[in-house]
S.K.: 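For reference, the structure I am asking about is given below.
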Amino acid sequence: MYWEKEIETMPREKLEAMQVERLKATLRQAAKSPHYGRLYKETGFNPDDFKSLADVPKLPLTTKDDLRENWPYGFLAVPREELVRMHSSSGTTGRATVIFHTAGDLNAWTNLVARCMYMTGVRKSDVFQNMMTYGLFTGGLGFHYGAERIGCLVIPAGAGNSKRQIQLMQDFETTVIHIIPSYALHLYSVFEELKVDPRKDTKVKIAFVGAEPHTEKTRRKIEEFYGWKAFNSYGLSEMNGPGVAFECPCQNGLHIWEDSFLVEIIDPQTLQPVPDGEEGELVMTTLRREGMPILRYRTKDLTRILPGPCECGRTHRRIERFKGRTDDMMILKGVNIFPIQIEKKLMEIPGVGTNFQIVLERKGFNDEMIVKVEVAQEFFDGDLLKLERLQRRITEELKGDILITPKVELVEPGSLPKSEGKAVRVIDNRKD
Amino acid sequence: MIVHQISVFAENKPGQLARLTRILGKEKVNIRATTIATTATFGVINLIVDDPQKAIKAIKKDGMMVTTKEVIAVIIEDKPGGLDRLTQMLFKENINVNNAYGFVLDSWKTAVFVVEVDDIARAQKLIEKAGFKTLDDDALSAVEPFHYVKY
Ligand SMILES: [Zn+2]
């Protein structure tokens, strides 16, 4: 049940001692990069001064802006000829960031993805269909290599083309898939349209859902629809991509691999660490990367450490399902709102379909939130009053949660932009 | 007998009715009667057509949300008091009508009154017992010629 038993179940003291050693090496390696070399000089920081994990808050933080300002090679700690791969983040604002890997980095990354997949039950005999965009995005190649490392037969299906995806699943008896959660919800209607029953007509048993934050309810919905076991995957290109944190069979939080990453949760305002159990921004340091070490990277993802050990026996701590990104946060009439809050509420309301969209408008001095909600096909029975009650209920429930009265519009199922890539949930039409 | 009424969800945007009639026109589905119920932000279009199965297939294919509901199509006399005889009887039997509309079959002779009720089996029995004739989908598609009027 373990890919690397010794590492995965390593006692905490031993694991932390390993982290200190690896962090020391990382600090020395980082000194070779133009960015950190300059920073060390400016601040008088000496990697040899670092003695224990208690010293971590004294280390410099790294932001996406730092990566952008040092584009493209300012973070490189090895000569360029040592590099074998680059990836780029799906940056929605500003210039994309680039991450470079040496052969050793790729090997370590691949091993982590294999460790994650093996943890959920994937074995050599499995057929893995990777329904993710390949290319610069890490979700495609990251999983691809991880599955090959286990020895699976890998189908590099790529994203989109729903009918072909289902055909591939049937033809080659796919047992494991990797899919974006909102696309999984959409794909179900294609199964229905083709009159293919995923439970009877396919052999899929495990789905990795990742690359966008989603709620527990959405996961359960995917599991109910298809009869798959769905496991949450978390990663970001700055920290390789997928393989950073993953759910174990307990499906209660994601183990974050502390032999490869140093994990902190900080208050995004004060930048001070918060204790386990408290919510904050995830900050990570690479512990094994040689090509492009990154210290205390601010992920902008909000989560908390789940205190206590996990039943699966792994000692690496678990982070909770993500609440959202500090980036995704909408500020409306002075209230902070995350799209995932809206999603969570909507998914609890019977009659709500699989997709929704948030539109922000400015009317004079007033900001307005319009929430477009697809109605579930089976909910519609021609009764206007029933639809009105649904609309009212959605409005009330959202208001109760976000303290703002949204304008709720009911729309046809399948009419909102389908997310074969990342879901476009928020459209901000407010002009400053 | 029972007739299948089609109900279509119409979002709050222009051209939804035109979209629906275009779909049905292309499929050569004849609309016998229609009513529209709306709120401020959306509506439901109810239709009686000559070929409900074909209509539903085409509407679904276009992506509109559609459902069918069983309704009773009662033949009444197209003359003053013709409808009254039916509604008085429904009232007497305490049958609550959720929605109703009608159209003329044969001017000054016969008309059809479509009623949507909760307990359709009971209502149907009582309506037929009172001497009214009802139509089914086949009969409805066979009747010619057709004028339709919305009440
Ligand atoms: Zn576990």
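Chain letters run A, B, ... following the sequence lines, proteins first and then strands; every chain starts at 1.
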S.K.: Contact part of Leu385(A) toward chain B, heavy-atom cut-off under 4.5 Å: side chain, backbone, both or neither?
M.R.: neither
S.K.: Enumerate, including both backbone and side-chain atoms, all donor-acceptor pairs under 3.5 Å from chain B to chain A.
M.R.:
from     : atom 1 : to        : atom 2 : distance (Å)
Glu11(B) : OE2    : Glu412(A) : N      : 2.8
Glu11(B) : OE2    : Ser415(A) : OG     : 3.4
Gln16(B) : NE2    : Glu412(A) : OE2    : 3.4
Arg19(B) : NH1    : Glu412(A) : OE1    : 3.4
Arg19(B) : NH1    : Glu412(A) : OE2    : 3.1
Arg19(B) : NH2    : Glu412(A) : OE1    : 3.4
Thr41(B) : OG1    : Gln391(A) : NE2    : 2.7
Val66(B) : O      : Gln377(A) : NE2    : 3.3

S.K.: Run the numbers on Ile177(A) and Met169(A) for side chain to side chain contact (heavy atoms under 4.5 Å, CB included), then give the verdict.
M.R.: CA-CA 9 Å; Ile177(A) 63 165; Met169(A) 271 181 213; 4.3 Å; yes
S.K.: I need the residue from Gly63(B), Ala10(B), Gly43(B) with the largest number of non-hydrogen atom pairs under 4.5 Å to chain A.
M.R.: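 The residue among Gly63(B), Ala10(B), Gly43(B) with the greatest pair count is Gly63(B).
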S.K.: Determine whether Phe380(A) and Leu387(A) make a side-chain contact, defined as any pair of heavy atoms from C-beta on separated by less than 4.5 Å.
M.R.: yes
S.K.: Just so I know, are the side chains of Leu185(A) and Ile222(A) near enough to count as touching, which here means a heavy-atom distance under 4.5 Å?
M.R.: yes
S.K.: Which is it for Leu346(A) and Val373(A) under the side chain to side chain contact (heavy atoms under 4.5 Å, CB included) test, yes or no, and what are the steps along the way?
M.R.: CA-CA 8 Å; Leu346(A) 289 178; Val373(A) 182; 4.1 Å; yes
S.K.: With heavy-atom distances below 4.5 Å as the criterion, would you say the side chains of Ile95(B) and Arg122(B) are in contact?
M.R.: yes
S.K.: Keeping the roles fixed (side chain from Asp78(B), backbone from Trp108(B)), state whether a donor-acceptor pair exists under 3.5 Å.
M.R.: yes
S.K.: Could you check whether Thr110(B) and Glu77(B), counting side-chain N and O atoms only, form a donor-acceptor pair closer than 3.5 Å?
M.R.: no
